[in-house]
Amino acid sequence: MDWKQLEEIMSRLEQKAKFDHEAAISYLSKIIGRTFEETLFSFNRFKAAGINLFKVVYHLGRCSMEEARNDASREIFFSSTLRERIGHHVYGELWADHIKSIMVEHGLIQRPLHVVSANLHSFVNTIYGTQSLEFKTFKDLEKTAEKISLETTGPLAGKIRTYAKKHGLIDIPDVSGTNISVQIIDTAKMDQKRVGPGVPLQKYDEDNAPVLLVMDYAFGEQAYECLDELLKPFDNEKKTFPLQVQSVSIMGKAGILKGKKGDIMIPSSHIFEGTADNYPFRNELRIQDFQGFGLGVCAGPMITVLGTSLQNRNVLKYFMESSWKTIGLEMEGAHYQKAIQSASRIRHSIRRNVKLLYAYYASDNPLETGSTLASGGLGKEGIRPTYLITLKILEKIFKA
């Protein structure tokens, strides 16, 4: 219906006839999945540049429908100007420099650093929940995480965050445009020597106390851009500070090919979809780390896909059944590996033997009817694998 209305608007534009502009913006907002205000704002921005947004959306949609009807494909080329801007990592550089400037401000830039890509709740809840609520076992942690997930901003979450702010947690909201917020956790500010149930915190001199940098999820090329910039030495015009990166941990959610929702995948390498580019690495996490918790666990190569909308059953079955023997698909692993390997083995900006810890929990099985992304998220079932991976990463970091 909305598309029919857009076609009518296009006809009136060609005839230079009048039409209800507000109603037209309303139809357009439904087609592109944005609010009326956002669509109106975008329309005016395009108009200022001499571009009619109605025409842009209409012709893009018409081309897509014609390609679907004719089973045609389209090859897209980026201009040299755009490629140059992307290559310069404008937003990633702003993001990384802002983080590192705050680390300098707090005297953390030369401390042992553990970089983690994950959500922005499980590490705070695990570390500071263990300290403030005195978790004794993983089951204690899991039960509390379930309560917090139901409360969202309830008393438990508030109590943990209040305690955390007093004991080393620094929140760094994004100001660069990447939409990737960061948490810095300074272990020197902790008054209790444990960071998880059964995970003691060793005694360190303040100058050598580890620092955790937890960054929110990044996907695709953005993961490479941000981590590549983050791992570079920081030059604040007075002094150059190489980062003392001890480990990089990636916790993510992925589609599983040999299991079910909620299971855990331990990658041994990442393969770029559409290429034979591959990144084998030594993963400090092992299958046995996750056994005995009632979850399925598998290990092997994983494929880094271009996007969930581009999943193709035949391609996925090929990667699963051929000699690649992939166990799952995700969107950031190879991008992170590209940044880590260039920093550790080519640029030598971080230590060559940096420890790598990768684990994913299965958000869906794209080959199984009823278990695809369209069937909904994990909900409560995602709590156990999320917090179990969090705990095992902390064990590997602090028991080393």
Assess whether side-chain contact (heavy atoms from CB on, under 4.5 Å) is satisfied between Thr386 and Lys253, documenting all intermediate values. CA-CA 9 Å; Thr386 298; Lys253 53 186 177 181; over 6 Å; no

Identify whether the distance between the nearest side-chain nitrogen and carboxylate oxygen of Glu284 and Lys392 falls below 4.0 Å. no

For a ring pair (Phe, Tyr, Trp, His ring centres under 6.0 Å) check, start with the C-alpha distance between Phe43 and His21, then their side-chain angles and the critical distance, and finish with the verdict. CA-CA 11 Å; Phe43 178 86; His21 191 265; 4.9 Å; yes

Are any of the side-chain heavy atoms of Phe219 and Glu330 separated by less than 4.5 Å? no

Hey, does Thr130 have a side-chain heavy atom less than 4.5 Å from the side chain of Gln192? no

Counting distance only, does the side-chain N/O of Gln244 pair as donor-acceptor with the main-chain N or O of Pro242 below 3.5 Å? yes

Could you tell me the separation between the CG atom of Asp20 and the OH atom of Tyr27, rounded to the nearest 0.5 Å? 7.5 Å

Could you check whether any side-chain heavy atom of Val195 comes within less than 4.5 Å of a side-chain heavy atom of Ile185, counting everything from C-beta outward? no

Under 3.5 Å, side chain of Arg347 to main-chain N/O of Ser342, donor-acceptor pair present? no

What's the shortest heavy-atom distance between Ala218 and Tyr336, and which atoms? CB-OH, 3.6 Å

Check the surroundings of atom CD in Glu22: do more than 12 heavy atoms from other residues, nucleotides or ligands lie under 6.0 Å from it? no

Under a 3.5 Å distance rule, please check whether Asn236 uses its side chain to pair with a backbone N or O of Lys239 as donor and acceptor. yes

Decide side-chain contact (heavy atoms from CB on, under 4.5 Å) for Leu213 and Met103; before the verdict, give the C-alpha distance in whole Å, the side-chain angles of both, and the deciding distance to 0.1 Å. CA-CA 10 Å; Leu213 188 159; Met103 292 177 69; 4.1 Å; yes

What verdict does the salt bridge (charged side-chain N to carboxylate O under 4.0 Å, His left out) test give for Arg111 and Asp186, after you've listed the backbone C-alpha separation in whole Å, the side-chain angles of each residue and the deciding distance to 0.1 Å? CA-CA 10 Å; Arg111 298 255 295 275; Asp186 179 5; 2.4 Å; yes

Using side-chain heavy atoms (C-beta onward) and a distance below 4.5 Å, is Met215 in contact with Ser117? yes

What distance separates Phe54 CZ from Ile31 CD1, expressed to the nearest 0.5 Å? 9.5 Å

Taking Tyr387 as the fixed residue, which of Thr126, Thr144, Asn125 is the one that meets the side-chain hydrogen bond (donor to acceptor under 3.5 Å, both in side chains) rule? Asn125

Donor-acceptor check, side chain of Gln131 to backbone of Arg194, threshold 3.5 angstrom: yes or no? yes

So, Asp228 side chain and Glu225 main chain: donor-acceptor pair closer than 3.5 Å or not? no

Should the heavy atoms of other residues, nucleotides or ligands under 6.0 Å from NZ of Lys338 be counted, would the total exceed 12? yes

Mind telling me whether Phe272 and His335 have parallel, tilted or perpendicular rings, with 30° and 60° as the class edges? perpendicular

On a heavy-atom basis, the closest approach of Gly328 and Met265 is CA-SD, 3.9 Å

With sequence neighbours left out, write down each residue that passes side-chain hydrogen bond (donor to acceptor under 3.5 Å, both in side chains) with Arg351, or none if nothing qualifies. Gln246, Asn353

Is the number of heavy atoms from other residues, nucleotides or ligands under 6.0 Å of Lys47 NZ greater than 12? no

Under 3.5 Å: donor-acceptor pair, side chain of Asp140, backbone of Phe135: no

Do you know the tightest heavy-atom contact between Ile383 and Ala145? CG2-CB, 3.7 Å

Trp95 side chain to Ile180 main-chain N or O, any donor-acceptor pair under 3.5 Å? yes

Please examine the side chains of Ile184 and Ile102, heavy atoms only from C-beta on, and report whether any two atoms are closer than 4.5 Å. no

Can you tell whether the side chains of Glu14 and Arg12 come within less than 4.0 Å, N to carboxylate O? no

I'd like to know if Lys165 pairs up with Asp171 as an ion pair, taking the criterion as any Lys NZ or Arg NE/NH1/NH2 lying under 4.0 Å from an Asp or Glu carboxylate oxygen. yes

Within the structure provided, determine whether Pro210 and Ile397 are in side-chain contact (heavy-atom separation under 4.5 Å). no

Check this for me, if you would: do Glu146 and Lys143 make a salt bridge, where the nitrogen-to-carboxylate-oxygen distance has to be below 4.0 angstrom? no

What pair of heavy atoms forms the shortest contact from Pro173 to Ser181, and how long is it? CA-OG, 3.9 Å

Nearest 0.5 angstrom please: Leu133 CG to Leu141 CG, how far? 10.0 Å

To the closest 0.5 Å, what do you measure between OG1 (Thr326) and CD1 (Ile303)? 6.0 Å

Heavy-atom side-chain proximity of Gln110 to Phe241 below 4.5 angstrom: yes

What pairs with His167 under side chain to side chain contact (heavy atoms under 4.5 Å, CB included), at least two apart in sequence or on another chain? Tyr128, Tyr163, Asp191

With distance as the sole criterion, is a donor-acceptor pair present between the side chains of Tyr204 and Thr187 under 3.5 Å? no

Output the distance between atom NZ (Lys30) and atom CG (Leu28), rounded to the nearest 0.5 Å. 11.5 Å

Taking Leu357's backbone N and O only, do any of them form a donor-acceptor pair with Lys396's side chain (distance below 3.5 Å, no angle check)? no

From the list Leu231, Ile99, Thr178, side chain to side chain contact (heavy atoms under 4.5 Å, CB included) partner of Cys226 resolves to Thr178

If Ile, Leu, Val, Met, Phe, Trp and Tyr residues are connected whenever their side-chain heavy atoms lie under 4.5 Å apart, and connections chain through other members, are Met190 and Phe398 in the same group? yes

With distance as the sole test, does Arg384 use its side chain to make a donor-acceptor pair with the main-chain N or O of Phe293 at under 3.5 Å? yes

Is it the case that more than 12 heavy atoms not belonging to Gln291 sit under 6.0 Å from its CD atom? yes

Can you name the closest pair of heavy atoms from Lys261 and Ser363 and give their distance? CE-O, 3.3 Å

Please lay out, stage by stage, how Ile393 and Leu285 fare under the test side-chain contact (heavy atoms from CB on, under 4.5 Å). CA-CA 8 Å; Ile393 287 175; Leu285 294 171; 4.3 Å; yes

Glu273 and Thr304: side-chain donor and acceptor closer than 3.5 Å? no

Evaluate the criterion side-chain contact (heavy atoms from CB on, under 4.5 Å) for residue pair Leu169 and Gln183; output intermediate values, then yes/no. CA-CA 7 Å; Leu169 175 66; Gln183 296 166 336; 3.9 Å; yes

Is the CZ atom of Phe36 crowded by more than 12 outside heavy atoms at less than 6.0 Å? yes

Would you check if the side chain of Lys100 reaches a backbone N or O of Lys232 as a donor-acceptor pair within less than 3.5 Å? yes

Min side-chain heavy-atom separation Glu332-Tyr360 under 4.5 Å: yes

What is the distance from atom OG of Ser249 to atom CD1 of Ile389, rounded to the nearest 0.5 Å? 11.0 Å

Checking Tyr358 now: which residues fulfil ring pair (Phe, Tyr, Trp, His ring centres under 6.0 Å) with it, not counting sequence neighbours? His270, Phe281

Shortest non-hydrogen contact between Ser29 and Thr35, atoms and distance: CB-O, 3.8 Å

